[in-house]
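Counting starts at 1 for both ligands and their atoms, following the listed order.
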Amino acid sequence: MKYSARTLFSQALKGHKNWPEQFPNKEPQKDYDVVIVGAGGHGLGAAYYLAKKYGITNVAVVEKGWLGGGNTGRNTTIIRSNYLFDESAGIYDHAVDLWDGLSQELNYNVMFSKRGVLMLAHNVHDVQSFQRHVHANRLNGVDNKWLTPEECKKFLPILDISQDRRYPVMGGALQMRAGTARHDSVAWGYARAASALGVDIIQNCMVTGIRRGKDGAVEGVETQKGFIGAKKIGVSAAGNTSVVMDMAGLRFPLESYPLQALVSEPVKPVLNCVVMSNAVHAYISQSDKGELVIGAGTDQYTSYSQRGALHILEHTLMSICEIFPIFKRQRMLRSWGGIVDVTPDRSPIVGKTPVPGLYVNCGWGTGGFKATPGAADMLAYTIAHDAPHKINAPFNLDRFVGGRLIDEAAAAAVAH
Ligand code: FAD
Ligand code: PYC
């Protein structure tokens, strides 16, 4: 008998000591108060906060694959809150605050490591833009400071700051509360904690339809395991949101793109922080195992495939070597891709939809891992109160009608 890679992977997970006792893969009941579509960090976290903060425990998280197998398990784990606009500072910094106590909250080590994120400036535009970010961040109480090339070098000794390079380092913005976390631990930590509070996690169960009553309100979801009734539905299905929303008759302002990453063979500690270079398009950190973790750019073409084009990886590695010639002979171990859904202003949508009882968390694009606890908290709040919290209120769907965009794409000059 032949097994797919996915089957083998899920069998390997079952062999893990925490499986299945601590993450029971339930069969669905007939009815729930809330069904969350998508068992990524955001969906599992929302289920956890619904149960923990609001006592809503009759909740199911319905997942087409395995928990954490989407973007949550595929990203480069960069956590930071150094965005330009006030609204972004509100939601991303709320997330960074929650990251701080998350291991204790979940009793599961998510390995949040505040090793600092250094964003390198290579031209006058970068310098002006990053300094503007530093000022805006500080006005919002978000830590971020400007470093000269010498200060960058002092902080990151392997950095080459000679000014005759093709992309000279003209300075950098350093956020010290920023860093990385262990991505699958986040999904598993939320899953275990939610499950312990009574939440059902139903894997291998794709949602294929959203049933609405005569009054237009949601009644439940059609799935591969049959109909599951729900008074409220929260959709947190990154990359696939437009497909799921279409099931409710809604057209969403989203495009889905593959986004890739890759890791090198493990090496001894060499990189003490996260480095981002928007102009050259290189993002790199070193994992606790020693692998260099490298993020690529999105493909140019829309797709729902969890793999991207080879030339994107090639470009990424050229960029990394441009900034760090020291890595030129480093061998790569593996690469993978995920699907990210992006909005026109590259800011997320977290809130109510025009369909009564249907809520959404999407559009985090290339940058939603950092937001996981904050987004989950806000989705849970919105579902519990049938109204957004003041932090996620600006990230509503209506802004694409009214034009009150939160244009972080223009602010950063790249999608990240
Ligand atoms: P996911 O983890 O993708 O969860 C959504 C789940 O919904 C999936 O498990 C999927 O299977 C499920 N689903 C979809 N459709 C259905 C359906 N019909 N029925 C049932 N289930 C369904 N962000 C950062 O902040 N920092 C980074 O460094 C970073 N790097 C990235 C690098 C890569 C290569 C990628 C792909 C993404 C990166 N991101 C990063 C973005 C980040 O990973 C995502 O924004 C975030 O993980 C989204 O979390 P989620 O829980 O919403 O989505
Ligand atoms: O959001 O910081 C980010 C990021 C870096 C690479 C992909 N996303």
Proximity flag Gly295 to ligand 2, non-hydrogen atoms under 4.0 Å: no

Parallel, tilted or perpendicular: ring planes of Trp99 versus Phe369, cut at 30 and 60 degrees: tilted

Option with minimal heavy-atom separation from atom 12 (C) of ligand 1, where the choices are Gln203, Lys64, Glu63: Glu63

contact_flag Gly365 ligand 1 heavy-atom lt 4.0 Å: yes

Heteroatom distance test (Lys370, ligand 2): nitrogen or oxygen, under 3.5 angstrom: yes

Proximity winner for atom 47 (O) of ligand 1, if only heavy atoms of Ile210, Val61, Thr72, Val35 are counted: Thr72

Salt bridge (Lys or Arg N to Asp or Glu O under 4.0 Å): pairs with one or both residues in residues 232-258, sequence neighbours excluded: none

Those residues that, when tested against Asn140, pass side-chain contact (heavy atoms from CB on, under 4.5 Å) (two or more places apart): Asp86, Ala89, Val142

Val62 and ligand 1 - part of the residue with a heavy-atom distance under 4.0 Å: backbone

Contact (N/O only, under 3.5 Å) between Arg80 and ligand 2: yes

Parallel, tilted or perpendicular: ring planes of Tyr190 versus Tyr49, cut at 30 and 60 degrees: perpendicular

Thr77, portion touching ligand 1 at heavy-atom distance under 4.0 Å: backbone

